[in-house]
Amino acid sequence: GACSPVEKTVIKESESTVTAKEGDYVRLSLVVKGEDGEVLDDHFKERPLEIVFSQHTGEAEPNGSWKAGNVLKKAVKTMTLGETSSFRVKDQVLDKFGNKPFWGTGVVCLEISLLMVSKEDDINKD
């Protein structure tokens, strides 16, 4: 089925114009909340995630679900450095193998802060 749009709400604006480009190394913190605001996962709040950004992987799966890394890339695509935003995801977010739902089967809100964008040539791409 067609996947629902990921709805973005800016929590904290950024003065920066720096955005992630293809192959950039990005660091972000993440808090996952349910639709009622209950925190489901704040593991990556104090231990930021580091990912290699690529445009083409920021897409939903053919069945409309999302792999966790892909929904993060889709979010980062719309952000500037230092921004904090919430992304409301109605479609299921699955683990990287596309198996089990990461945070249950309901709507989740991903609160993401873009902490760093850099061109790290020595970071191994997978």
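If you're wondering where the values come from, they're calculated on a predicted model, not measured in any experiment.
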Seminar exercise, completed: Rounded to the nearest 0.5 angstrom, the CD1-OG distance for I11 and S85 is 6.5 Å

For this session: Please report the closest heavy-atom contact between V93 and V89, naming both atoms and the distance.
Result: CG2-CG1, 3.9 Å

For this session: Looking only at non-hydrogen atoms, find the nearest pair between H43 and D41 and report the distance.
Result: N-OD1, 3.0 Å

Exercise. Do other residues, nucleotides or ligands put more than 12 heavy atoms under 6.0 Å from the CD atom of E7?
Worked result: yes

Exercise. With distance as the sole test, does N70 use its side chain to make a donor-acceptor pair with the main-chain N or O of G58 at under 3.5 Å?
Worked result: no

Exercise. Is P48 close to L115 at the side-chain level, that is, under 4.5 Å between some pair of heavy atoms?
Worked result: yes

Exercise. Would Y25 and S118 satisfy side chain to side chain contact (heavy atoms under 4.5 Å, CB included), going step by step from the backbone distance to the final call?
Worked result: CA-CA 5 Å; Y25 183 66; S118 70; 3.6 Å; yes

For this session: Could you tell me the separation between the CZ atom of R27 and the CD1 atom of I51, rounded to the nearest 0.5 Å?
Result: 12.0 Å

Exercise. Do D24 and K119 meet the salt-bridge criterion of a basic N to acidic O distance under 4.0 Å?
Worked result: yes

Exercise. Just by modelled atom types, is the Q55 backbone N or O under 3.5 Å from a matching donor or acceptor in the E22 side chain?
Worked result: yes

Exercise. Going by distance alone, is a donor N or O of one side chain under 3.5 Å from an acceptor N or O of the other, for S14 and K12?
Worked result: no

Problem set entry | Taking every non-hydrogen atom, the tightest pair across K67 and K96 | CD-O, 3.4 Å

For this session: Carefully, step by step, assess V26 and E50 under the rule side chain to side chain contact (heavy atoms under 4.5 Å, CB included).
Result: CA-CA 6 Å; V26 297; E50 298 185 347; over 6 Å; no

Problem set entry | Contacts of K74 that satisfy side-chain contact (heavy atoms from CB on, under 4.5 Å) - sequence neighbours left out | V6, W66

Exercise. Any Lys/Arg nitrogen of E111 or K45 sitting under 4.0 Å from an Asp/Glu carboxylate oxygen of the other?
Worked result: no

Problem set entry | Check against side chain to side chain contact (heavy atoms under 4.5 Å, CB included), L110 and L30 | CA-CA 7 Å; L110 309 179; L30 169 67; 3.9 Å; yes

Exercise. Do you reckon F102 sits in the same ILVMFWY cluster as F87, going by side-chain contacts under 4.5 Å, direct or chained?
Worked result: yes

Problem set entry | L28 CG to E83 CD distance, which is reported to the nearest 0.5 Å | 12.0 Å

Problem set entry | Same apolar cluster: L72 and V107, side chain cutoff 4.5 Å | no

Exercise. Within a radius of less than 6.0 Å around NZ of K77, do more than 12 heavy atoms belonging to other residues, nucleotides or ligands occur?
Worked result: yes

For this session: Locate the shortest heavy-atom distance separating G64 from D91; write the atom from each residue and the value.
Result: O-CB, 3.2 Å

Exercise. Side chains of T19 and V117: does their closest heavy-atom pair fall under 4.5 Å?
Worked result: no

Problem set entry | G98 versus L94, closest heavy-atom pair with distance | O-CD1, 3.5 Å

Problem set entry | Salt bridge flag under 4.0 Å for residues E35 and R88 | yes

Exercise. Mind checking whether V76 and V31 sit in one hydrophobic cluster, side chains of I, L, V, M, F, W, Y counted as touching below 4.5 Å?
Worked result: no

For this session: Check step by step if side chain to side chain contact (heavy atoms under 4.5 Å, CB included) holds for D42 and V32.
Result: CA-CA 6 Å; D42 62 0; V32 182; over 6 Å; no

Seminar exercise, completed: On a heavy-atom basis, the closest approach of Q92 and P101 is OE1-CG, 3.5 Å

For this session: Using distance alone, with no hydrogens and no angle criterion, decide if K8 and T78 have a side-chain donor and acceptor under 3.5 Å apart.
Result: yes

Exercise. Taking only residues two or more places apart in sequence or in another chain, which ones pass side-chain contact (heavy atoms from CB on, under 4.5 Å) with T17?
Worked result: none

